[in-house]
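Before any comments, here is the structure.
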Amino acid sequence: MSKNLKVFAPATVANVACGFDVLGFALHSPGDELHITFNDSGTLVLHNETPYELPLSPEKNVTAVALQAMLDALQSRQGFTVTFLSKIMPGSGVGSSAASAAAGVFGANELLGRPFTRRQLVAFAMQGERAASGSAHADNVAPALMGGFTLIRSYTPLDVVPIPSPPVFATVVHPQIEVRTSDSRKILRQEVPIKKAVEQWGNVAGLVAGLFTNDYDLISRSLHDVIVEPVRALLIPEFYVIKQAAIDAGALGCSISGSGPSIFALSSDEATAHKVAQAMRRGFDHVGIENHTFVSPVNKEGVRIKG
Ligand code: HSE
């Protein structure tokens, strides 16, 4: 059995407009890379070689919290040493903490001879999200672990459903500002008028049906969030200008990626996704906000061992 591994876990786009806390998909890059190995100390030892400041105490570090949840389920006292090699920028809205949690539990599971399936690992990785944001949501960790689009049909009990999709290309624009998930969750209203709920679940069902049946028009008609986006848009300068620019450039739809500040758009082909990238980038350039823009197909594989 291999005693050490390098693992890559991809960035993810959660919510996918209408599916707050229940829908997400994986990207090819960016992602987190870490090295994981057994140690004989019976503890979790963490080293950080990334440019970002990361909490390294096992109770605060998302990878360690997720890994500990997995070891507790196995009643194992195996020690691990984890070295963080590269990281998605924290607070960017593309699942930075989810990638760290997914990489840790996946790597440890491989080293231990795979006691769990990828789907079972979601429950442990979610505990890392709880440590990071105060909420154990799974809409980033599920696609990071399983690849493709995933639906969290239920949290209690946890029911994760992989969703097939036609080729779609994501354009992601990350303005260089930080929005903490815990902050952008606190501003959400706790009650939803029934009229808005009806619109939202119509769109969630439409999006899932469109992905299953390769119906790009239905996907496009369904990529609307009438509940969360209107509140969080206030945290992202120029959000509506950039969204309109993406749609005008041919995107199927555009919304906030996870809890922001990144904005994502989906396109049915790569050339359009690049055109959309230019249009979205111009929106931030115009007002002098530094931004990082990239295009990625959906990553169907999810977290993997990096050779
Ligand atoms: N569903 C989560 C949210 C994703 O929107 O707060 C961010 O981690």
Side-chain angles (χ1 to χ4, degrees), residues 9-27 30-32 61-63 65-66 87-103 122-146 149-156 158-161 163 170 172-175 177-190 192 196-197 200-201 203-204 207-208 223-236 239 243 253-264 302-303:
T12 43
V13 170
N15 302 338
V16 202
C18 47
F20 178 70
D21 276 2
V22 301
L23 285 175
F25 65 87
L27 299 165
D32 270 27
N61 181 280
V62 294
T63 307
V65 170
K87 256 252 30 67
I88 302 164
M89 185 176 160
S92 53
V94 287
S96 158
S97 51
S100 302
V122 173
F124 309 126
M126 275 168 64
Q127 300 312 316
E129 292 288 57
R130 189 196 300 284
S133 72
S135 141
H137 49 276
D139 49 340
N140 288 112
V141 292
L145 283 162
M146 295 165 65
F149 280 81
T150 56
L151 165 72
I152 313 301
R153 202 274 315 158
S154 154
Y155 277 91
T156 42
L158 185 62
D159 187 359
V160 184
V161 184
I163 310 282
V172 179
V173 184
H174 176 208
I177 51 176
E178 186 181 350
V179 173
R180 294 165 66 96
T181 299
S182 51
D183 295 337
S184 68
R185 292 182 78 87
K186 271 187 215 136
I187 62 170
L188 299 178
R189 296 190 191 101
Q190 293 304 304
V192 176
K196 294 277 177 219
Q200 194 87 350
W201 60 54
N203 281 324
V204 174
L207 179 52
V208 171
L223 281 170
H224 298 290
D225 172 6
V226 296
I227 294 174
V228 175
E229 181 187 288
V231 182
R232 286 183 169 168
L234 303 170
L235 302 176
I236 305 171
F239 173 74
K243 177 171 170 159
C254 174
S255 188
I256 299 168
S257 175
S259 56
S262 288
I263 303 173
F264 83 98
V303 61

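Heavy-atom basis, side chains included; hydrogens, waters and symmetry copies ignored. As the structure lists them, so they are numbered: ligands from 1, and atoms in each ligand from 1.
Close approach to Phe20 involves these atoms of ligand 1, each under 4.0 Å from a residue heavy atom: 3 (C), 5 (O), 6 (O). Numbered from 1 in the order shown, with element, the atoms of ligand 1 that lie under 4.0 Å from a heavy atom of Asn15 read 1 (N), 2 (C), 3 (C), 5 (O). In the vicinity of Asp21, heavy-atom distances shorter than 4.0 Å reach the ligand 1 atoms 1 (N), 2 (C), 3 (C).
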- request: Please test Asp139 against Asp21 for side chain to side chain contact (heavy atoms under 4.5 Å, CB included), starting from the C-alpha separation and ending with a verdict.
  value: CA-CA 5 Å; Asp139 49 340; Asp21 276 2; 3.9 Å; yes
- Task: Take Phe239 and Glu229 through the side chain to side chain contact (heavy atoms under 4.5 Å, CB included) test and state the conclusion after the steps.
- Result: CA-CA 10 Å; Phe239 173 74; Glu229 181 187 288; 3.5 Å; yes
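The nearest protein atom to atom 3 (C) of ligand 1, hydrogens excluded, is given as Arg185 NH1, 3.3 Å; this is a heavy-atom distance. Protein heavy atom nearest atom 8 (O) of ligand 1, with residue, atom name and distance: His137 NE2, 2.8 Å. Protein heavy atom closest to atom 4 (C) of ligand 1, with residue, atom name and distance, is Asn140 OD1, 3.6 Å.
Between the side chains of Ser135 and Arg185, at least one donor N or O lies within less than 3.5 Å of an accepting N or O.
Among Thr181, Asn15, Asn140, the one residue that satisfies the side-chain hydrogen bond (donor to acceptor under 3.5 Å, both in side chains) test with Ser259 is Thr181.
In Asp139, the part holding a heavy atom less than 4.0 Å from any atom of ligand 1 is the side chain. Contact annotation: for Val228 versus ligand 1, there are no heavy atoms closer than 4.0 Å.
Using a 30° and 60° split on the angle between ring planes, Phe25 and Phe264 fall in the perpendicular class, above 60°.
A heavy-atom distance below 4.5 Å is found between the side chains of Gln200 and Asp225.
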